[in-house]
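Here is how names work: the chains are called A, B, and so on, in the same order as the sequence lines, proteins then strands, and each is numbered from 1.
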Amino acid sequence: MFCPHCNALLCPPGGYFEIFGMEPRLEIAREDLERRFYQLSRQLHPDRFARRPAVERQYSLDAAAILNDAYRVLRDPARRAEYLLNEVPAAAGDRPPVPAELLEEIFEMNMAIESLRGGDQGARPQLAAAQERFLSMRREAGQALEELFDEFDRTHDDAVCSRIRLLLGRRRFIENLIRDVEKELAR
Amino acid sequence: MPLVQIDHLTTKRPCVVGIDLGTTNSLVACMKGAAPQVIPGEDGRNLLPSVVSYAEDGRIRTGNAASELLRSEPRRTVYSVKRLMGRARADVADELALFPFHIAEDSDSIIELELGPRRFTPPQISAFVLNELKRNAERWLGEPVEQAVVTVPAYFNDAQRQATRDAGRIAGLDVLRLVNEPTAAALAYGLDKRRNGIVAVYDFGGGTFDISILKLQDGIFEVLATHGDTHLGGDDIDNLLLRIALEDIAQEWGEDLAGSAEAVQLLRQRVVAAKEELSRVPAVSLHFEWRSRKYEREIRRPLFERLITDIVERTLDSCRQCIRDAGAIVEQIDEVVLVGGSTRIPLVREAVERLFRARPHTELNPDEVVALGAAVQAAILSGDVEDQLLLDVTPLSLGIETMGGVVSRLIRRNSTIPASATETFTTAVDGQTNVLIHVLQGERELATDCRSLARFDLKGIDPQPAGMARVQVRFLIDANGILSVTARDLHTGREQAVEVKPSYGLQEAQVEAMIRDSIDFADEDLRARLVREARLEADTVLAATGKARSHEAYGKLAGHERQAIDLAASELLMAYHSDDHRLIKAHIGKLNQATLHLAGSMMATTLESALKGAKIE
């Protein structure tokens with residue numbers, strides 16, 4: 001985990017899974033990951049190095065940051081899949097194509113946003129309901145995703161992989177919708 | 001060479017105190033045995049009002065002594081300065097109208113308060129409060145106190161955190177950690193409970209509101225999400241009541257008192273007393289006498305509650321957002337903890353109880369619980385408490401400005417800290433040797449709607465055709481929630497110089513000047529302070545070196561490496577008792593240099609064994 005030239009801490013070449021001493025798999029037990037995360041945190045967290053010399057404090061800071069970054073990605077099934085499948089999440093501003101089955105829902109949401117911006121507070125509950133629907137869609141997409149994980153881990157089948165990628169795209173799309181609604185409701 | 005036995009290893013470890021630097025009151029606490037305890041002031045009181053007065057006689061008064069001057073010296077007495085920390089004039093324009101003290105006209109990005117002939121920044125004012133707490137702790141403990149954990153509202157941004165840390169330095173305190181107030185409160189409660197589950201901490205103080213949701217498991221306090229408002233607190237309720245009373249009086253007397261700082265201060269005291277009384281009784285009578293005219297008005301609780309409904313509702317909005325961010329539903333939250341003086345208001349308690357469907361915890365004094373938790377965190381940092389660990393989050397997303405003024409998010413809010421992100425930058429013009437990066441904090445899409453943190457200038461990039469240079473920049477938020485930036489030129493592998501221009505903070509040189517200034521007030525010798533600081537650092541480095549000798553990595557060092565360490569350590573020991581801080585610092589630097597390789601291998605061993613440990617069931 002150390003750079004051979006400057007002795008700086010780097011993410012290990014095996015990546016986030018290696019930090020946790022785990023095989024790179026899509027399906028992982030959340031409790032197991034959490035247990036490892038807590039254990040590593042107890043050893044590496046800067047709180048454990050508060051009274052150590054500056055050099056060691058810096059190492060601990062770097063190590064804990066890498067550990068936290070890794071945990072953030074691996075604990076979330078969608079981000080874990082994106083990471084393992086080398087899926088590059090769309091940059092800010094780029095929007096994935098609209099899934100056809102969501103067209104009507106989005107149309108209604110935009111109407112509600114327009115009325116709310118126009119000062120019609122009556123649109124607020126409508127928007128809040130849309131938010132609830134999107135949240136449950138996200139949950140469903142997440143579940144559908146996880147159902148494919150085991151199959152992919154066993155077979156590494158291309159067809160399964162593309163179904164996962166499709167679901168990841170759909171989930172990202174819903175994620176953006178949730179953010180849009182949240183923003184409008186917070187206005 | 002046999003090493004002199006270092007007495008640093010055998011002497012008692014100095015106490016690290018926990019400090020709650022509050023909007024209205026401040027407290028200091030420390031561990032006594034297994035339990036944290038608040039340290040009282042000379043007057044026997046636990047709460048030190050966060051009030052500072054610079055009186056005509058040129059002396060600084062703090063706490064109750066300063067509170068007494070609020071009425072007679074309103075223009076030289078500062079309260080609620082926490083609301084001004086890390087802020088710009090424009091941010092606080094609204095409330096400035098009600099502050100009796102003056103803010104210098106020309107102080108835009110860093111507020112300066114004009115107290116008589118002198119100017120003070122908010123960190124300097126806070127430093128006076130911290131210094132008083134430091135003295136109280138020293139008197140009580142009978143030993144010097146130099147290190148502290150200081151609490152901040154969870155929703156404080158980078159500038160506000162930096163300002164708090166600067167205040168500590170100006171006060172002569174080495175701030176080992178800034179810890180979030182609600183998290184500290186959870187630590188204080190966790191001490192005797194030690195249960196597993198999900199806990200919400202609702203912290204409604206004098207000037208700020210925070211809500212944090214934590215997962216407690218076997219001594220780990222993992223914050224799942226936090227939300228809040230750094231400008232929403234009991235002060236806002238006071239200001240609301242004050243405005244109403246002023247209007248009422250203007251109507252009744254035909255005289256507007258708003259221009260008289262003294263009258264406003266007196267009325268404020270009456271209003272605050274009435275507000276506090278209303279938490280205990282259903283109706284109070286507000287009495288106010290000014291230049292032999294009398295004003296009296298009865299306030300009943302239902303009216304008071306109607307007035308503050310909006311404020312309470314704003315806190316509930318934050319709570320709902322926080323629950324969503326934590327990925328939880330209300331039913332999953334096992335316990336709710338109330339923190340801050342404003343949670344004494346019955347309406348607030350009822351609202352919290354209704355939202356969380358749980359009876360909130362109030363066993364610990366809501367004014368003291370944060371300081372108690374800070375003392376626990378201090379004990380964790382000094383190694384006295386080993387089974388607990390706090391994993392906190394950053395409250396606000398961090399991003400950089402991209403084309404068209406749009407913010408590209410690098411670290412999302414509610415990420416566990418320390419957190420980092422790397423981004424590669426290139427040049428737009430042939431031969432360009434520097435790149436300017438604008439870093440922002442906030443959730444909005446446009447840079448103009450977010451809080452500007454700083455501009456980082458990457459300098460000395462190898463001149464190349466446009467788009468060819470590759471500079472990798474690492475953004476790192478540390479365990480205090482404070483950002484640092486490092487950069488590396490990927491072509492040369494060289495560490496890149498980064499010049500920081502903080503948007504709303506003090507430059508290093510300004511802090512140093514303020515430290516020198518503070519010495520004048522503390523009847524202290526600057527040299528003595530610097531020597532003390534240097535020795536403290538030497539203690540740390542020497543103790544660590546001593547301990548490292550028993551580490552397996554030490555055995556693997558080459559002979560000349562060990563000799564170099566021995567030599568540097570004994571040179572530092574010789575310099576230790578000199579009264580030249582520069583000499584001590586220079587030898588600390590040498591010892592650090594000599595142990596660099598050792599520290600690296602020790603860390604590698606730690607990591608390795610941690611990984612091995614993780615593999616074992």
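Heavy-atom neighbours of chain B within the stretch residues 70-78 of chain A, taken at a separation under 4.5 angstrom, comprise A:Tyr71, A:Arg72, A:Arg75.
Checking side-chain atoms of A:Arg48 against main-chain N and O of B:Glu386 turns up a donor-acceptor pair under 3.5 Å.
Taking every heavy atom of both residues into account, B:Asn592 and A:Pro53 meet most closely at OD1-CB, 3.9 Å. Minimum heavy-atom separation, A:Arg51 to B:Leu381: CG-O, 4.0 Å. Nearest heavy atom pair, residue B:Ala479 against residue A:Leu61, reads N-CD1, 4.3 Å.
Of the inter-residue distances, the one linking B:Ile220 atom CD1 with A:Gln39 atom CD reads 10.0 Å to the nearest 0.5 angstrom. Residue B:Leu598 holds its CG atom at 7.5 Å from CD of A:Glu56, rounded to the nearest 0.5 Å.
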| said: Determine whether A:Gln43 and B:Leu389 satisfy the following criterion, side-chain contact (heavy atoms from CB on, under 4.5 Å), listing intermediate values before the conclusion. | reply: CA-CA 10 Å; A:Gln43 282 163 295; B:Leu389 180 68; over 6 Å; no
| request: Check step by step if side-chain contact (heavy atoms from CB on, under 4.5 Å) holds for B:Glu443 and A:Arg179. | output: CA-CA 10 Å; B:Glu443 311 310 318; A:Arg179 209 165 302 144; over 6 Å; no
| request: Apply side-chain contact (heavy atoms from CB on, under 4.5 Å) to the pair B:Leu391 and A:His45, showing each step before the final yes or no. | output: CA-CA 9 Å; B:Leu391 302 173; A:His45 194 275; 3.5 Å; yes
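The pair B:Lys215-A:Glu34 meets the salt-bridge criterion, with a side-chain N (NZ, NE, NH1 or NH2) lying under 4.0 Å from an Asp/Glu carboxylate O. Salt-bridge formation is detected for the pair B:Arg474/A:Asp62: a Lys NZ or Arg NE/NH1/NH2 atom is positioned less than 4.0 Å from an Asp or Glu carboxylate oxygen.
Looking only at side-chain heavy atoms (C-beta outward), B:Arg177 and A:Pro46 come within less than 4.5 Å of each other. With a 4.5 Å cut-off on side-chain heavy atoms, A:Tyr59 and B:Met602 do not count as touching. Inter-residue side-chain proximity for A:Arg52 and B:Val541 is flagged as unmet; no heavy-atom pair is nearer than 4.5 Å. The side-chain heavy atoms of B:Gln217 and A:Arg35, taken from C-beta on, include no pair separated by under 4.5 Å. Side-chain contact between A:Asn68 and B:Pro418: present, with at least one pair of heavy atoms (C-beta onward) separated by less than 4.5 Å.
At a 4.5 Å heavy-atom cutoff, the contact between B:Ile417 and chain A is made by backbone atoms alone. Within the 4.5 angstrom heavy-atom criterion, atoms from both the backbone and the side chain of B:Ile380 approach chain A. Both the backbone and the side chain of A:Asp47 come within contact range of chain B, each with at least one heavy atom under 4.5 Å from a heavy atom of that chain. For a residue to count as touching a neighbouring chain, one of its non-hydrogen atoms must lie under 4.5 Å from one of that chain's; by this rule B:Glu537 does not touch chain A. Neither the backbone nor the side chain of A:Glu23 comes within less than 4.5 Å of any heavy atom of chain B.
Summarising the local packing, CD of A:Glu104 is surrounded by 12 or fewer heavy atoms from other residues, nucleotides or ligands at distances under 6.0 Å.
Counting heavy-atom pairs closer than 4.5 Å to chain B, the top-ranked of the candidates A:Leu67, A:Asp69, A:Leu135 is A:Asp69. Taking A:Ala50, A:Ser41, A:Ala54, A:Ala65 one by one and counting their heavy-atom pairs under 4.5 Å with chain B, the maximum is reached by A:Ala65.
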